[in-house]
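These notes concern the structure reproduced below.
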Amino acid sequence: MSQQRSPITWVPSLYFVQGMQFFVVMLIAGLMFKNMGVANDQIARWTGLLGLAWAIKPLWSPFLELARSKKLIVVAMQFTGAAGLALMAGALQLPMYFQAAIAVLFLLAYASATHDIACDGLYMASLDAKSQAAYAGWQGAFFNASKFLTLGGLLVLAGHLEKSIGVFNAWSTIFALLAVVLALLASYNAWALPGALNTEHASLSAASIVKTLKEVIVDFLKKPGIWLAILFIVLFRFAEGQVQTIGPLFLIEARDKGGLGLTTEQVGAIYGTAGTAAFLVGSILGGYFTSWLSLKRAMPILIIAMAVPNAVFYYLSVTLPTDSFHIGAAVSVEMFGYGFGFVGMILYIMQAVAPGKFQTAHYALGSGVMQLGFILSKTISGDIQLALGYQQFFLWTIACGVPAFILMFFVRIPGREGSEAAKQSEATASA
């Protein structure tokens, strides 16, 4: 498939937008409501409901399979997101601001989830298996860069504005700025993304959609070894969900309770500087490493890399260092391992689970399984930590990585040549 522009011109901007929309809804909104005095139970309840959009997005992925241009959907959802962010700026000025904001956030969540499906489909349809591996690092790096840059930059700016113009005006300003940024990125992506904007409109009917959805699910469940693949996807992130939830809390926890006793500002500084750089480098190198070695041969190293954060936090819980340089260096190692290893699951779903007649929808199903597995491990992590204490908890997470390593020898993982299904899909798919 010919491409007018190098993937380096559109992969970073595409996945930065994907991450920015996700983290605004799932992280920024909760912190904003906290500053506005909303009770924790309401924040947890409503942001949890918003998060379901990404877990259940496979239910409407067949709609997107019927569209002739994934680029058209991507750009439309990005402009929808920009409009939603502008609406948020206004909603926060209303007397019933919480209800209005939640309504707008539902729009943002489902537009973002729909964008994710088309975004990943465009990526897979535009790149062959080798290029998918090479640019997977850039994909993961810029998705997560939006988390660190948006969280760090926005929180600093919001904190400054809150002192001068008040909480509600400050956050209205933040969302207005975000709307402008997303509109500019959407305009750039309309130019840079592969694929034509002008397409035939696919005729849809309720009957055809239901039939397609059923066909997508049945075809997914009939894939050879799919149940082992599902178990592998869940186990791959089982330890990660626990460590990524408890790790930052351990850094802040008082030293007399087994933590490191850092301030929120210290944790933010560590993750926002050395941690961010290490994650970006790890993600990019992980993609090139896998492209060079092939997914099948690289997978053992990638799974071991995913265990690095667990080992790092266990080390910190045992030694309890006090100097910031020591802690920052350890966190940098943690984030490098996380970025390097996570590439493995992105590529496994793309190359081993998704290929076939419904490539985009099956990637969305695989991603939904991955997200549900992450949510499950995240949900139980607090109870396990309280029962075991920090040291034993982090030791437990190291053990949680062993089943995925063992199962790796029983699931089908494409090698250098890629799967035949992937090759067929690449030959027939269009952006």
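These numbers come from a predicted model, not from an experiment.
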F250 ring center within less than 6.0 Å of F394 ring center: yes
K71 side-chain N/O to L193 backbone N/O, donor-acceptor pair under 3.5 Å: yes
Sub-4.5 Å side-chain heavy-atom contact between I327 and D323: no
Test item: S291 side-chain N/O and Y288 main-chain N/O as donor-acceptor pair under 3.5 Å: no
Whether F409 and F405 hold their rings parallel, tilted or perpendicular, with breakpoints at 30° and 60°: perpendicular
For F279 against G339, the heavy-atom pair lying closest together: CE1-CA, 3.5 Å
Close side-chain approach of I117 and I73, heavy atoms under 4.5 Å: no
Any side-chain heavy-atom pair of Q18 and Q139 under 4.5 Å: no
Under 3.5 Å: donor-acceptor pair, side chain of S6, backbone of T9: no
Aromatic ring proximity, centroids under 6.0 angstrom, F22 and W54: yes
Full working for side chain to side chain contact (heavy atoms under 4.5 Å, CB included) between F143 and F23: CA-CA 10 Å; F143 177 88; F23 293 122; 3.6 Å; yes
Verdict with reasoning, D219 to K357, per salt bridge (charged side-chain N to carboxylate O under 4.0 Å, His left out): CA-CA 9 Å; D219 189 65; K357 181 179 179 182; over 6 Å; no
Atom pair CE (M408) and CG (L302), whose distance is rounded to the nearest 0.5 Å: 10.0 Å
Side-chain heavy-atom pair F342, S283 within 4.5 angstrom cut-off: no
Donor on one side chain, acceptor on other, Q242 and W396, under 3.5 Å: yes
Y315-N310 side chain donor-acceptor pair, cut-off 3.5 Å: no
Stepwise side chain to side chain contact (heavy atoms under 4.5 Å, CB included) test for Q78 and Y188: CA-CA 11 Å; Q78 290 185 4; Y188 172 80; over 6 Å; no
Parallel, tilted or perpendicular: rings of F340 and F289 (30°, 60°): tilted
Y15/D116 under side chain to side chain donor-acceptor pair (under 3.5 Å): CA gap, chis, key distance, verdict: CA-CA 9 Å; Y15 281 91; D116 288 0; over 6 Å; no
Exercise: identify the closest heavy-atom pair between V74 and H115: O-CD2, 3.5 Å
Test of ring centre spacing under 6.0 Å for F168 and Y97: yes
Parallel, tilted or perpendicular: rings of Y110 and F106 (30°, 60°): parallel
Nearest atoms (heavy-atom pairs only) where L14 meets N189: N-OD1, 4.0 Å
Distance in Å, M88 CE paired with F175 CZ, rounded so as to fall on 0.5 Å steps: 4.0 Å
Side-chain heavy atoms of F336 within contact of V308, under 4.5 Å: no
Distance (rounded to the nearest 0.5 Å) between M77 CE and L108 CG: 11.5 Å
Check: K57 side chain, G368 main-chain N or O, donor-acceptor pair, under 3.5 Å: no
Reported OG-to-CE distance for the pair S146 and M20, which is rounded to 0.5 angstrom: 8.0 Å
Heavy-atom neighbours of F325 CZ exceed 12 at 6.0 Å: no
Side-chain touch L316/P321, heavy atoms, less than 4.5 angstrom: yes
Atom pair CG (L107) and CD1 (I102), whose distance is rounded to the nearest 0.5 Å: 12.5 Å
CD1-CD1 distance between I304 and I301, expressed to the nearest 0.5 angstrom: 5.0 Å
Chi angles and distances behind the side chain to side chain contact (heavy atoms under 4.5 Å, CB included) call for L280, W138: CA-CA 8 Å; L280 295 178; W138 291 97; over 6 Å; no
Centroid separation F358 to F220 less than 6.0 Å: no
Contact summary for H362 and V216, nearest pair of heavy atoms: NE2-O, 2.9 Å
Side-chain heavy-atom pair V180, L177 within 4.5 angstrom cut-off: no
Over all atoms of both residues, closest heavy-atom pair of P12 and F142: O-CB, 3.5 Å
Pair S172, Q93: side-chain N/O donor-acceptor within cut-off below 3.5 Å: yes
Criterion side chain to side chain contact (heavy atoms under 4.5 Å, CB included) on V243 and F313, from CA distance to verdict: CA-CA 8 Å; V243 168; F313 275 110; 3.6 Å; yes
Student check: side-chain heavy atoms of W171 and I174 closer than 4.5 Å: yes
Heavy-atom donor-acceptor pair, R412 side chain to G225 backbone, under 3.5 Å: no
Heavy-atom donor-acceptor pair, S131 side chain to L127 backbone, under 3.5 Å: no
Nearest non-hydrogen partners of T290 and L295, listed with the distance: CG2-CA, 3.7 Å
Y123 ring center near Y363 ring center (under 6.0 Å): no
